[in-house]
Amino acid sequence: MKKLVKLVKVNNLQYNANRDPEVYRRSANENFRIQALVDGSGAVKCKLLDSTGKMLHEQTVNAPGTYTHEISFATPGVRVVTLSVEGNGEKFAQDLRLDVMEHAWIG
């Protein structure tokens with residue numbers, strides 16, 4: 001049986017919750033690129049939700065295909081967003097930690 005989502009990427013790197021979060025950090029107003037490589041066939045609904053469940057983005061992708069969305073935040077801090085994918089009678093959800101720095105490193 002094939003998995004609905006083959007791979008999740010943040011900023012063009014495979015997402016791993018155990019990896020040092022510095023790898024994925026961005027400065028305020030700098031985009032995070034979130035991608036999901038979807039497998040299977042037919043239309044698949046992809047959603048990006050914030051920690052309160054508010055919809056940030058929704059898109060339908062034809063599988064096999066790639067869901068891509070860029071999002072930025074104006075203020076520094078840690079955000080947790082949930083990538084939710086539904087299709088072919090399957091559901092997939094993964095929380096993504098997005099760290100936003102006040103400004104880029106100097107030096």
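Both Val8 and Val38 are members of a single hydrophobic cluster when ILVMFWY side chains are connected at heavy-atom separations under 4.5 Å. Note: the hydrophobic cluster containing Val61 does not contain Leu7 (ILVMFWY, side chain heavy atoms under 4.5 Å, direct or indirect links). Under the 4.5 Å side-chain heavy-atom criterion for grouping Ile, Leu, Val, Met, Phe, Trp and Tyr, Leu49 is not connected to Phe32 through any hydrophobic cluster. Tracing side-chain contacts under 4.5 Å through hydrophobic residues (I, L, V, M, F, W, Y), one never reaches Met101 starting from Val23; they form parts of separate clusters. Linking Ile, Leu, Val, Met, Phe, Trp and Tyr whenever their side-chain heavy atoms come within less than 4.5 Å leaves Phe92 and Val80 in two separate clusters.
Leu98 places a side-chain heavy atom less than 4.5 Å from the side chain of Val10. Between Glu30 and Phe73, every side-chain heavy-atom pair lies at or beyond the 4.5 Å cut-off. Contact annotation: the side chain of Val81 approaches that of Ile34 to within less than 4.5 Å [non-hydrogen atoms, C-beta and beyond].
Aromatic ring orientation, His57 versus His69: parallel (interplanar angle below 30°, classes split at 30° and 60°).
Considering every non-hydrogen atom in both Leu4 and Asn88, the closest pair reads CD1-ND2, 4.5 Å. Heavy atoms only, all atoms of each residue included: Ala28 and Ala74 are closest at CB-O, 3.6 Å. Taking every heavy atom of both residues into account, Asp39 and Ala63 meet most closely at O-CB, 3.8 Å. Residue Ser27 comes nearest to Val100 through the heavy atom pair C-CG1, 4.0 Å, listed as atom of the first residue, atom of the second, then distance.
In this structure, Leu48 CG and Leu96 CG are separated by 7.5 Å, a value rounded to the nearest 0.5 Å. Separation of atoms NZ (Lys9) and CZ (Arg33) is listed at 9.5 Å; rounding is to 0.5 Å. Here the CD-SG distance, from Gln35 to Cys46, works out to 12.0 Å after rounding to the nearest 0.5 Å. Interatomic distance, OG of Ser72 versus CG of Asn31, reported as 5.0 Å (0.5 Å rounding). Interatomic distance, NZ of Lys6 versus OG1 of Thr66, reported as 8.0 Å (0.5 Å rounding). A distance of 9.5 Å separates CZ in Arg26 from CD in Glu70, rounded to the nearest 0.5 Å.
When only modelled atom types and interatomic distance are considered, Asp95 and Thr82 share a side-chain donor-acceptor pair under 3.5 Å.
Put simply, the side chain of Tyr24 gets close to the backbone of Asn16: a donor and an acceptor are under 3.5 Å apart.
Salt-bridge annotation for Asp99 and Arg97: present, with a side-chain N of the basic residue lying under 4.0 Å from a carboxylate O of the acidic one. Under the 4.0 Å criterion applied to side-chain N and carboxylate O atoms, Lys45 and Glu86 are not assigned as salt-bridge partners.
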